[in-house]
Q: 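The structure under discussion is supplied below as structure tokens; questions concerning it will follow.
Numbers here simply count residues along the sequence, with the first being 1.
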Amino acid sequence: MGAEVLADKVYCYPFQKVVTGYLNKYPTPLEKNVTAVTTVEEQTDPATGIVYRRRIATCNNIIPSFLRKWSILKVTNIYLEEESWLDMKARVMNLKCRCLTWAQYASMNEESVYRESKHNSNWTEFSQKGTITITGAGYLNCILERFAQTFLKQGARKSIAIMEKILEEKYGSPVS
């Protein structure tokens, strides 16, 4: 069946500042469950100037203990892979993220876009779509998908709040 989460936000800060804030957001004391983010690949296309990055995030396993009865869920860390394409000329950064830890049992994908606002060049528009589908867990598929959907919704709200706090601390009050 699957579950979906959508998030949208307009940051009242210029694109460059939002992208810089995003790329340096984790780890942070504001989010104890993201313990590391490692860039494993980075290259710039000489013809287009588009910067490609592949990063791996290490996160604490936040699955409730009652679900960790099953051995596949008894892991300390969850690993996420993020790919991004930053086009400074077009003022857009596209991101794709997927869970590496349980890839054989679950498909968790997020697609996000940061772009300069069409309404105000000092603002940045953010949109995200996340989907999760669990297979191979029988009757637990639906329960795990609902938990994952709730977690992803909370995670999206928290991530936006962290980003706002980081931007405000680094650059001051938002630009009108």
Q: Answer yes if Leu167 and Val34 sit in the same cluster of Ile, Leu, Val, Met, Phe, Trp and Tyr residues linked by side chain heavy atoms under 4.5 Å apart, and no otherwise.
A: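 No: no chain of side-chain contacts under 4.5 Å links Leu167 to Val34.
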Q: State whether a side-chain donor-acceptor pair under 3.5 Å links Gln149 with Arg146.
A: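 On atom types as modelled, these side chains qualify, holding a pair under 3.5 Å.
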Q: From Cys97 SG over to Leu80 CG, what is the distance, rounded to the nearest 0.5 angstrom?
A: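 Reported value, rounded in 0.5 Å steps: 4.5 Å.
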Q: Rounded to the nearest 0.5 Å, how far apart are CG of Asn141 and OG1 of Thr135?
A: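 Answer for the CG-OG1 pair, Asn141 versus Thr135, is 6.5 Å.
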Q: Specify the closest pair of heavy atoms between Leu30 and Ile162, including all atoms of both residues, with the distance to one decimal.
A: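 Between these two residues, the closest heavy atoms are O-CD1, 3.7 Å.
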Q: Looking only at heavy atoms, what is the nearest atom pair of Met108 and Leu152, with distance?
A: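 Closest heavy-atom pair between Met108 and Leu152: SD-CD2, 4.2 Å.
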Q: When you group the ILVMFWY residues by side-chain heavy-atom contacts below 4.5 Å and let the links chain together, are Leu23 and Met163 in the same group?
A: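 Yes; Leu23 is reachable from Met163 via cluster members.
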Q: Decide yes or no on side chain to side chain contact (heavy atoms under 4.5 Å, CB included) for Ser84 and Tyr52, but give the supporting numbers first.
A: CA-CA 6 Å; Ser84 66; Tyr52 168 79; over 6 Å; no
Q: Would a single hydrophobic cluster contain both Val5 and Ile78, if residues Ile, Leu, Val, Met, Phe, Trp and Tyr are joined by side-chain heavy-atom contacts under 4.5 Å?
A: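 Same hydrophobic cluster.
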Q: Can any side-chain N or O of Ser117 pair as donor or acceptor with the backbone N or O of His119 at less than 3.5 Å?
A: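 Yes.
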Q: State, without any angle test, whether Gln16 and Thr20 hold a side-chain donor-acceptor pair at a distance under 3.5 Å.
A: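 Short answer, yes.
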Q: Start with the C-alpha distance between Val113 and Met93, add both sets of side-chain angles, then the distance that settles side chain to side chain contact (heavy atoms under 4.5 Å, CB included), and finish with yes or no.
A: CA-CA 6 Å; Val113 178; Met93 182 168 71; over 6 Å; no
Q: Could you walk me through whether Val92 and Leu86 satisfy the side chain to side chain contact (heavy atoms under 4.5 Å, CB included) test, starting with their C-alpha distance in whole Å, then the side-chain angles of each, then the deciding distance to 0.1 Å, before giving a yes or no?
A: CA-CA 6 Å; Val92 64; Leu86 173 59; over 6 Å; no
Q: Will you find, in the side chains of Thr131 and Glu4, an N or O donor that is under 3.5 Å from an N or O acceptor?
A: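 Short answer, no.
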Q: Give a yes or no on whether the backbone of Val51 and the side-chain of Thr44 come within a donor-acceptor separation of less than 3.5 Å.
A: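 Answer holds: no.
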Q: Side-chain contact, heavy-atom cut-off 4.5 Å: Phe126 with Asp8?
A: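 Counting from C-beta outward, Phe126 and Asp8 never come under 4.5 Å.
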Q: What is the distance from atom CG of Asn61 to atom CG of Asn77, rounded to the nearest 0.5 Å?
A: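 Going from the CG atom of Asn61 to the CG atom of Asn77 covers 8.0 Å.
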Q: Specify the closest pair of heavy atoms between Tyr13 and Gly172, including all atoms of both residues, with the distance to one decimal.
A: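 Taking Tyr13 first and Gly172 second, the nearest heavy atoms are OH-O, 2.6 Å.
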Q: Between Tyr22 and Ser112, is the side chain to side chain contact (heavy atoms under 4.5 Å, CB included) condition met? List the steps.
A: CA-CA 12 Å; Tyr22 174 81; Ser112 304; over 6 Å; no
Q: Evaluate whether atom CZ of Phe151 has more than 12 neighbouring non-hydrogen atoms of other residues, nucleotides or ligands under 6.0 angstrom away.
A: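 At most 12 heavy atoms, drawn from other residues, nucleotides or ligands, come within 6.0 Å of this atom.
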Q: Can Gln128 and Glu110 be said to form a side-chain hydrogen bond (donor to acceptor under 3.5 Å, both in side chains), step by step?
A: CA-CA 7 Å; Gln128 182 179 65; Glu110 287 179 1; 3.2 Å; yes
Q: Report yes or no: do Ser107 and Asn109 form a side-chain donor-acceptor pair below 3.5 Å?
A: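 Side chains of Ser107 and Asn109: pair found under 3.5 Å.
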Q: Go through the steps to decide whether Glu41 and Arg53 satisfy the test salt bridge (Lys or Arg N to Asp or Glu O under 4.0 Å), and finish with yes or no.
A: CA-CA 6 Å; Glu41 184 179 355; Arg53 286 182 187 86; over 6 Å; no
Q: Can a donor-acceptor pair be found, under 3.5 Å and without considering hydrogens, that links the side chain of Asn60 to the backbone of Lys32?
A: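 Indeed, once roles are kept as given, a pair shorter than 3.5 Å links the two residues.
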Q: Check Glu125 with Arg115, please: is the shortest side-chain N to carboxylate O separation under 4.0 Å?
A: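 Salt bridge between Arg115 and Glu125, a charged N being under 4.0 Å from a carboxylate O: no.
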Q: Do Lys9 and Thr124 have side-chain atoms, one donor and one acceptor, less than 3.5 Å apart?
A: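 Note: Lys9 and Thr124 side chains miss the donor-acceptor criterion.
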Q: Which heavy atom of Ala148 sits nearest a heavy atom of Ile132, and at what distance?
A: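 Shortest heavy-atom contact: CB-CD1, 3.4 Å.
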Q: Give a yes or no on whether the ring-centroid distance for Tyr114 and Phe15 is below 6.0 angstrom.
A: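 No.
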Q: Side-chain heavy atoms nearer than 4.5 Å, only ILVMFWY residues, links allowed to pass through others: does that put Val18 and Met88 together?
A: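 Same cluster: Val18 reaches Met88 through Ile, Leu, Val, Met, Phe, Trp or Tyr contacts under 4.5 Å.
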Q: Please round to the nearest 0.5 Å and tell me the distance separating atom CD of Glu111 and atom NZ of Lys96.
A: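 If we round to the nearest 0.5 Å, Glu111:CD and Lys96:NZ are 5.0 Å apart.
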Q: At their closest point, which heavy atom of Thr39 faces which heavy atom of Arg55, and how far apart are they?
A: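 Between these two residues, the closest heavy atoms are OG1-CD, 3.5 Å.
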Q: Which distance, rounded to the nearest 0.5 Å, do you find between the SG of Cys12 and the NZ of Lys17?
A: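 Here the interatomic distance stands at 12.5 Å.
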Q: Compare every heavy atom of Lys25 with every heavy atom of Ile166, then report the nearest pair and how far apart it is.
A: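 So the minimum-distance heavy-atom pair works out to CD1-CG, 3.7 Å.
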Q: If two hydrophobic side chains count as joined below 4.5 Å and joins carry through other members, does Val19 share a cluster with Leu95?
A: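 Val19 and Leu95: one cluster.
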Q: Would you mind telling me which of Glu83, Glu81, Glu42 makes a salt bridge (charged side-chain N to carboxylate O under 4.0 Å, His left out) with Arg54?
A: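 Option passing the salt bridge (charged side-chain N to carboxylate O under 4.0 Å, His left out) with Arg54: Glu81.
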